[in-house]
Amino acid sequence: MFYQSTRDSSVRLTSAEAIVRGISPDGGLFAPEELPKLSLDDIVGYGGMSYAEAAADIFSRCLTDFTSAEIKNCVESAYCSGSFETENAMELKNLKKGLNILELWHGPTCAFKDMALQILPHLLTTSVRKTGTDKKVCVLVATSGDTGKAALEGFKDAPGAEILVFYPENGVSAMQKLQMITQSGSNVGVCAIKGNFDDAQTGVKKIFTDKDVAAKLSENGLVFSSANSINWGRLAPQIVYYIYSYSKLIACGEIKAGDCINVVVPTGNFGNILAAYYAKQMGVPVKKLICASNSNNVLTDFLRTGVYDRNRRFYTTISPSMDILMSSNLERLLWHLSGKNSDYIRSLFAELSETGRFEVSEDIKSQLCDLFWADFCTDAETVSAIRNTFESYSYTVDTHTGVAVGVYEKYLAATGDRTPVVIASTASPYKFPEAVLKALGSEKSFRDEFEMADELFKISGLAIPMALSELKTKPPRFTGSVEKSEMLGYVYSALNIK
Ligand SMILES: *Cc1c(COP(=O)(O)O)cnc(C)c1O
């Protein structure tokens, strides 16, 4: 199986090469030329396997240049080493017939990013070895809150790797910030930037694709890679949980083999929902991919009209990990839907960078319309969705999942479609306790996030994750912040490059 740059079809790589490089020098992303097809029997079979076993089988079909021993080692290091608090990494909760929540936040940082970032360091270091580089990998990350911490946890003290994380100074929750600035490990760096997530992501992309910077790193025995969802090594692991969920719904009798499901995904950078699209292309019977946004609803408009227009106000919301106007992974989807037309994609994204806007062809519009349904929730609507869910099912969701639940309510009202649904739940409610408490009607005021967590426990009865309660006593290590123009300077100084 080979991977092509979405902007230049002559760039054609194995998965190991695509994972090491992260992004193509032409600015394109690496996407699979052909996806492997699973039979219904294959999928049903996963229902009797552990998460790690199913993941190994799915990886062996996507990462065809990896040996089965390499895959087994990566999968077991990630999913069988005790870093997830549940037996099968994820958890499916059935709230009532036809309504299923896919909890993806039982890893070390309590957000779904762990599902991929616990395995990415293993995929990356294996890939580096396979491609014969003797260089040390420097992983650069731009984060809207959750990726940064999950990447830091995945990469801390990994041999042959350094990791540097940039986050928007005022764009992450207090708990997210604490998680990052207290990070342990000898090979880690964390820096705030004066700007929003898009600034951080643009800055990182610029550093990545700068040839002079790459040459300077190389002289110093280093090579950049990416842990953002632009890296194929992030996306492949996310496909697994959609396939595995479907097999588990069959195994527990919620659906019959071959039945369609709908999938709702709270979306920011379009990585998670793209993984669901890939799962559908590989054979999972998904009827609609329901894309849920917050007030930064650029994707809602795009999926409805075919016009992507980022010239709009940026909102800071209670679901900060979705405060994004430039959804990178959309580029991969459009490449597939355009019939892998890299010239077309290059021109679309050139237009986007010049004018902040593009409009896709009629053919792509009609494919989008068949595949997706999209809507958004304001903060007030998200709060109601969290409250309704608690009142109806005694079940607590975080603010991001609240957006998904709220959009699903809108979908039901608009379509009446009762197809069984899987709603991706992307973070523990304890990562955003202030907003969740307000939604559940608590009017008290609190000294800090930890008091909030205690109160949330009293109301919800949901256990507080150890990874969050232990932050209370951890001293901050990384308190610096830089202008967005100074990101490269920070990288050089953190890596001791003159
Ligand atoms: C990252 C994140 C999202 C958005 O996922 P994308 O793959 O960027 O679309 C949603 N919810 C939470 C909690 C996240 O951390």
Side-chain angles (χ1 to χ4, degrees), residues 29 101-117 120 141-153 165 167-168 171-173 175-176 179-180 197-198 200-201 226-232 234-239 241-242 263-279 289-294 296-300 302-303 317-333 372 374 376-377 382 386 397-407 423-433 435-436 465 468:
L29 309 185
I101 307 277
L102 168 56
E103 294 179 352
L104 297 168
W105 39 264
H106 295 287
T109 78
C110 312
F112 90 96
K113 307 281 195 301
D114 289 326
M115 299 299 294
L117 279 161
L120 179 68
V141 182
T143 184
S144 57
D146 290 326
T147 301
K149 178 61 182 181
L152 287 162
E153 276 300 310
V165 171
Y167 70 93
V172 302
S173 81
M175 198 64 108
Q176 289 175 317
Q179 281 188 305
M180 287 190 280
F197 170 71
D198 289 310
Q201 177 161 259
S226 155
N228 276 102
S229 58
I230 53 177
N231 193 313
W232 175 249
R234 274 284 298 280
L235 271 175
Q238 295 185 251
I239 301 171
Y241 49 74
Y242 289 110
V263 175
V264 188
V265 186
T267 297
N269 219 7
F270 210 75
N272 203 6
I273 196 166
L274 182 70
Y277 164 80
Y278 282 140
L289 296 159
I290 299 170
C291 178
S293 300
N294 64 24
N296 296 296
N297 58 354
V298 60
L299 284 167
T300 311
F302 173 68
L303 292 170
T317 73
I318 57 171
S319 46
S321 299
M322 294 157 63
D323 289 348
I324 290 176
L325 292 179
M326 192 46 253
S327 300
S328 301
N329 272 297
L330 190 61
E331 180 165 346
R332 283 190 169 102
L333 176 73
F372 293 91
F376 73 101
C377 282
T382 304
I386 296 172
V397 295
D398 90 295
T399 48
H400 303 75
T401 311
V403 169
V405 171
V407 164
I423 299 177
S425 173
T426 51
S428 157
Y430 286 104
K431 281 196 101 163
F432 308 93
V436 174
L468 297 181

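The first residue of the sequence shown is numbered 1, and numbering continues consecutively from there. All of these numbers come straight from a predicted model, not from anything done at the bench. Numbering of ligands and ligand atoms starts at 1, following listing order.
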Asker: Just to verify, what does Thr401 make a side chain to side chain donor-acceptor pair (under 3.5 Å) with, not counting sequence neighbours?
Answerer: Asp398, Ser425

Asker: Assess, by modelled atom type and distance only, whether the side chains of Asn329 and Arg332 contain a donor and an acceptor separated by less than 3.5 Å.
Answerer: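 The criterion, which ignores hydrogens and geometry beyond distance, is satisfied for Arg332 and Asn329.
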
Asker: Side chain to side chain donor-acceptor pair (under 3.5 Å) with Thr317: which residues, sequence neighbours excluded?
Answerer: Asn294, Ser319, Asp323

Asker: Do Asn272 and Tyr242 make a side-chain contact, defined as non-hydrogen atoms from C-beta onward lying under 4.5 Å apart?
Answerer: yes

Asker: Can you list everything that forms a side chain to side chain donor-acceptor pair (under 3.5 Å) with Gln179? Sequence neighbours excluded, please.
Answerer: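 Here the qualifying residues are Lys431.
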
Asker: List the protein residues in contact with ligand 1, where contact means a heavy-atom separation under 4.0 angstrom.
Answerer: Phe112, Lys113, Asp146, Pro266, Thr267, Gly268, Asn269, Phe270, Gly271, Asn272, Ser321, Met322, His400, Thr426, Ala427

Asker: Parallel, tilted or perpendicular, judged at 30° and 60°: which one describes the rings of Phe372 and Tyr277?
Answerer: parallel

